[in-house]
Engineer: 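One structure, pasted below without further comment.
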Amino acid sequence: VQLVESGGGLVQPGGSLRLSCAASGFTFGSYDMSWFRQAPGKQREFVAAITWRGDNTYYADSVKGRFTISRDNAKNTVYLQMRSLKPEDTAVYYCAGSNSRYWRGSYYWAGIYDYWGQGTQVNVSS
């Protein structure tokens, strides 16, 4: 099983980035997927989630209206489009997958996820 994130980097405040997470080794189309992030000295926090069919999405209040999660089950990939980036968005971003029956009530909880990627660094700075 692998989840491989890409697309991170250095961007100025107000800029945009698109993260990708390529999955392999499991039935991606049956898994609900999410993005989490962890800033230095802070706990990992929920960012965005999408159901296995892509028909429902959920966002942390801090990113609502600026970030968009999407997926392409034919490509086994989940995306995070990030716009209007702020310095406080600086973190390592992780994708995660879950097929738990309890996911809809717990999508914001890291413990519900079966698989995690290694993370990609996003730095927002002028």
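We're numbering straight along the sequence, starting at 1. Below, all heavy atoms of this structure are taken into account, side chains as well, without hydrogens, waters or symmetry copies.
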Engineer: Find out whether the Lys NZ or Arg CZ of R71 is both under 6.0 angstrom from the six-membered ring centre of Y79 and within 45° of the ring's axis.
Structural biologist: no

Engineer: Give, for atom CG of N56 and atom CD1 of I50, the distance between the pair rounded to the nearest 0.5 Å.
Structural biologist: 9.0 Å

Engineer: For T51 and W103, work out which heavy atoms get closest and say how close.
Structural biologist: CG2-CZ3, 3.7 Å

Engineer: Considering only heavy atoms from C-beta outward, does the side chain of L85 approach that of F67 to under 4.5 Å?
Structural biologist: yes

Engineer: Backbone N or O of N99 within a donor-acceptor pair of the D32 side chain at under 3.5 Å?
Structural biologist: no

Engineer: Evaluate the side-chain proximity of I69 to Q81: yes if any heavy-atom separation is below 4.5 Å, no if none is.
Structural biologist: no

Engineer: With side chains defined as the heavy atoms from C-beta onward, is the minimum distance between C21 and W35 less than 4.5 Å?
Structural biologist: yes

Engineer: Test side chain to side chain contact (heavy atoms under 4.5 Å, CB included) on W52 and M33; report intermediate values, then the result.
Structural biologist: CA-CA 7 Å; W52 63 272; M33 299 296 296; over 6 Å; no

Engineer: Looking only at heavy atoms, what is the nearest atom pair of V78 and C95, with distance?
Structural biologist: CG1-CB, 4.4 Å

Engineer: Counting only heavy atoms not in E88 (residues, nucleotides, ligands), do more than 12 fall under 6.0 Å from its CD?
Structural biologist: yes

Engineer: For a 4.5 angstrom cut-off between non-hydrogen side-chain atoms, does N123 reach V11?
Structural biologist: no

Engineer: Can you confirm whether Y58 sits close enough to K64 that some side-chain heavy atom of one is under 4.5 Å from a side-chain heavy atom of the other?
Structural biologist: no

Engineer: Just verifying a value: how many Å separate Q38 CD and Y94 OH, rounded to the nearest 0.5 Å?
Structural biologist: 5.5 Å

Engineer: For F26, give me all partners under ring pair (Phe, Tyr, Trp, His ring centres under 6.0 Å), at least two apart in sequence or on another chain.
Structural biologist: Y31, Y115

Engineer: Within the distance-only criterion (no hydrogens, no angle test), does the side chain of T77 pair as donor or acceptor with the backbone N or O of K75 below 3.5 angstrom?
Structural biologist: yes

Engineer: For Y113 and S34, does a side-chain donor sit closer than 3.5 Å to a side-chain acceptor?
Structural biologist: yes

Engineer: For R83, enumerate each residue passing the salt bridge (Lys or Arg N to Asp or Glu O under 4.0 Å) test, keeping only those at least two apart in sequence or located in another chain.
Structural biologist: none

Engineer: I need the I112 CD1 to S100 OG distance, nearest 0.5 Å.
Structural biologist: 3.5 Å

Engineer: Evaluate the ring pair (Phe, Tyr, Trp, His ring centres under 6.0 Å) criterion for residues F36 and F46: first the C-alpha distance (whole Å), next the side-chain angles of each, then the deciding distance (0.1 Å), finally the verdict.
Structural biologist: CA-CA 4 Å; F36 284 74; F46 167 75; 5.8 Å; yes

Engineer: In terms of side-chain geometry, is the basic nitrogen of K86 or D89 positioned less than 4.0 Å from the acidic oxygen of its partner?
Structural biologist: no

Engineer: Among the clusters formed by ILVMFWY side chains lying less than 4.5 Å apart, do Y108 and V92 turn up in the same one?
Structural biologist: yes

Engineer: List the atom of S16, the atom of S84, and the distance in Å for their closest heavy-atom pair.
Structural biologist: OG-N, 4.4 Å

Engineer: Can you name the nearest heavy-atom pair linking Y59 to T68, along with the distance?
Structural biologist: OH-CA, 3.3 Å

Engineer: Starting at CD of Q121, measure out to OG1 of T90 and round the result to the nearest 0.5 Å.
Structural biologist: 7.5 Å

Engineer: Do E5 and L19 touch side chain to side chain, with heavy atoms closer than 4.5 Å?
Structural biologist: no

Engineer: I'd like to check E45 versus R37 (side-chain heavy atoms, cut-off strictly below 4.5 Å). Are they in contact?
Structural biologist: yes

Engineer: Locate the shortest heavy-atom distance separating F28 from A23; write the atom from each residue and the value.
Structural biologist: CD1-CB, 3.4 Å

Engineer: Apply salt bridge (Lys or Arg N to Asp or Glu O under 4.0 Å) to R18 and list each qualifying residue two or more places apart in sequence or on a separate chain.
Structural biologist: none

Engineer: Side-chain contact, heavy-atom cut-off 4.5 Å: Q118 with L3?
Structural biologist: no

Engineer: Any idea which heavy atoms bring G8 and T120 closest together, and the distance?
Structural biologist: N-OG1, 3.2 Å

Engineer: What's the spacing between S126 OG and Q12 CD if we round to 0.5 Å?
Structural biologist: 7.0 Å

